[in-house]
Amino acid sequence: MAHPNQPPRRILVLGATGTIGRATVRALVARGYETICFVRPGATLDVDPHASPIPEEKNGTSTSSVRTGEGHPGPNPNPTLRHGTITDPAALPTAIAGDRFDAIISCLASRTGTPADAWAIDHAAHSNALAAAKAAGIPHFIQLSAICVQKPLLAFQHAKLAFEAELIASGLRYSIVRPTAFFKSLSGQVERVRSGKPYLLFGDGSLTACKPISDDDLAAYLVDCLDDPRRWNRILPIGGPGPAQTPRQQGEALFALLGRPPRFRQVPVKLLDTIIATLSALGRIAPPLAAKAELARIGRYYATESMLVLDPQTGRYDADATPSTGTQTLADYHAQLLAGQAQAERGDHAVF
């Protein structure tokens with residue numbers, strides 16, 4: 001953080017309207033950084049769930065970039081929004097417009113992971129952002145990636161890796177953060193179990209494991225990359241606190257919160273294989289079904305691959321080699337969901 005007599009450092013955030021992005025903005029603002037968020041046209045940003053969202057200004061400026069909050073003295077207690085279309089190569093340079101920034105933090109990711117979406121967002125939009133950062137002299141690029149790119153079998157993984165390679169070769173200081181599974185992606189069965197239904201498992205529920213991480217713990221880790229030289233020019237896999245958990249263990253913990261004996265129903269992985277084969281065949285005739293086949297492949301990947309560090313020598317996932325951070329546990333989050341104190345915003349990659 002800046003010295004009290006120095007101006008606050010200015011951080012540009014991409015992907016600020018997603019759950020991780022909002023948490024990152026909260027962390028930046030709480031630490032006194034001047035936070036500028038590049039968001040899509042018309043978007044608002046509800047950083048504090050108890051506060052009113054920050055609206056888009058309508059002052060007749062270019063649709064590619066609306067600039068707000070300029071000229072304020074000292075730290076801005078609220079983030080500033082600048083609007084534009086992230087897939088427009090000219091939008092971000094226009095939004096930066098010669099201003100000084102100390103770093104970019106990108107929490108931007110494709111919504112679906114389908115090939116067109118992945119290459120447009122996970123690669124091309126980030127490649128354009130990197131070019132804008134270099135042109136503007138922004139020295140540090142902090143990239144939220146995913147731990148699953150270690151074993152790339154899907155379009156979005158290849159797209160992320162392609163950008164990671166560009167960032168590493170760019171000459172900028174970089175921090176590439178590869179987190180394990182998010183709480184929201186592991187919470188799709190909370191209501192199902194609460195309503196009395198069994199917890200669904202692929203296989204026996206021990207095919208995979210992860211160290212779940214919360215939005216706030218991940219956001220704190222991302223923001224800490226600004227000041228920790230040990231996180232510069234490195235690829236950083238990260239998990240949440242505690243030991244790795246299998247889906248069966250996650251289910252058992254959920255039933256314990258409800259005070260009920262565990263009930264499971266096993267789903268064969270071959271069912272997903274059949275769905276993928278069927279959609280792939282039909283996708284040759286109807287392109288929308290090809291996109292659904294890719295979503296099914298994503299689901300199968302998460303159902304059969306652990307979100308832990310992959311040992312390249314053995315080809316095995318290593319829980320002990322997966323670093324941990326934070327204090328919030330998945331069980332804590334599920335307890336909040338059950339008590340109505342939190343609401344899960346599940347992404348398009350969720351299996352259930």
Once you measure the plane-to-plane angle for Phe163 and His126, does it fall in the parallel (<30°), tilted (30-60°) or perpendicular (>60°) bin?
tilted

Are any of the side-chain nitrogens in Asp216 or Arg26 under 4.0 Å away from the carboxylate oxygens of its partner?
yes

Of the non-hydrogen atoms in Cys225 and Leu236, which two are nearest, and what is the gap between them?
SG-CD1, 4.0 Å

Check against side-chain hydrogen bond (donor to acceptor under 3.5 Å, both in side chains), Glu305 and Tyr317
CA-CA 9 Å; Glu305 301 289 342; Tyr317 292 102; 2.6 Å; yes

Where do Thr114 and Asp117 land on the side-chain hydrogen bond (donor to acceptor under 3.5 Å, both in side chains) test, with the steps shown first?
CA-CA 5 Å; Thr114 56; Asp117 192 18; 4.7 Å; no

Starting from the C-alpha separation in whole Å, work towards a yes-or-no answer on side-chain hydrogen bond (donor to acceptor under 3.5 Å, both in side chains) for Lys134 and Ser170.
CA-CA 8 Å; Lys134 292 177 71 174; Ser170 69; 5.7 Å; no

Show the nearest heavy-atom pair for residues Ile104 and Ala129, with the distance to one decimal.
CD1-O, 4.3 Å

For residues Phe141 and Ala133, report the shortest heavy-atom separation together with the two atoms involved.
CD1-CB, 4.4 Å

Does Lys211 form a side-chain hydrogen bond (donor to acceptor under 3.5 Å, both in side chains) with Thr180? I'd like the steps, not just the answer.
CA-CA 6 Å; Lys211 290 186 174 182; Thr180 183; over 6 Å; no

Check: Asp311 main-chain N/O paired with Asp318 side-chain donor or acceptor under 3.5 Å
no

Looking at Arg234, Gln143, His140, which hits side chain to side chain donor-acceptor pair (under 3.5 Å) with Ser175?
His140

Salt bridge check: are Asp227 and Arg31 linked by an N-O gap of less than 4.0 Å?
no

Taking C-beta and beyond as the side chain, do Leu254 and Leu338 meet within less than 4.5 Å on heavy atoms?
yes

Testing the basics here: between Gly196 and Arg260, what is the closest heavy-atom pair and its distance to 0.1 Å?
N-NH1, 3.8 Å

With the side chain counted from C-beta on, respond yes when Leu92 and Leu14 share a heavy-atom pair under 4.5 Å apart, and no when they do not.
yes

Minimum heavy-atom separation for Ser214 and Phe183, please, with both atom names.
CB-CE2, 3.3 Å

Answer whether the closest heavy-atom distance between the side chains of Pro237 and Thr322 falls below 4.5 Å.
no

Evaluate the ring planes of Tyr302 and Phe156, with Trp represented by its six-membered ring, and classify them as parallel (under 30°), tilted (30 to 60°) or perpendicular (over 60°).
tilted

Row check, Phe101 ring normal vs Arg10 NZ/CZ: under 6.0 Å, within 45°:
yes

Check: Asp332 and Thr327 side chains under 4.5 Å, non-hydrogen atoms
no

Any side-chain to backbone donor/acceptor pair from Thr35 onto Tyr33? Under 3.5 Å, distance only.
yes

Over 12 non-hydrogen atoms of neighbours within 6.0 angstrom of CZ in Arg316:
no

Are more than 12 heavy atoms, taken from residues, nucleotides or ligands other than Gln343, located less than 6.0 Å from that residue's CD atom?
no

Any Arg194 side-chain heavy atom under 4.5 Å of His334 side chain:
no

Beyond-backbone contact of Pro241 with Gln328, side-chain heavy atoms, under 4.5 angstrom:
no

Going by an N to O cut-off under 4.0 Å, is there a salt bridge joining Asp273 and Arg300?
yes

Do you see a donor-acceptor pair shorter than 3.5 Å between the side chains of Lys160 and Ser145?
no

Looking at side-chain heavy atoms only, is the closest gap between Gln250 and Cys210 below 4.5 Å?
yes

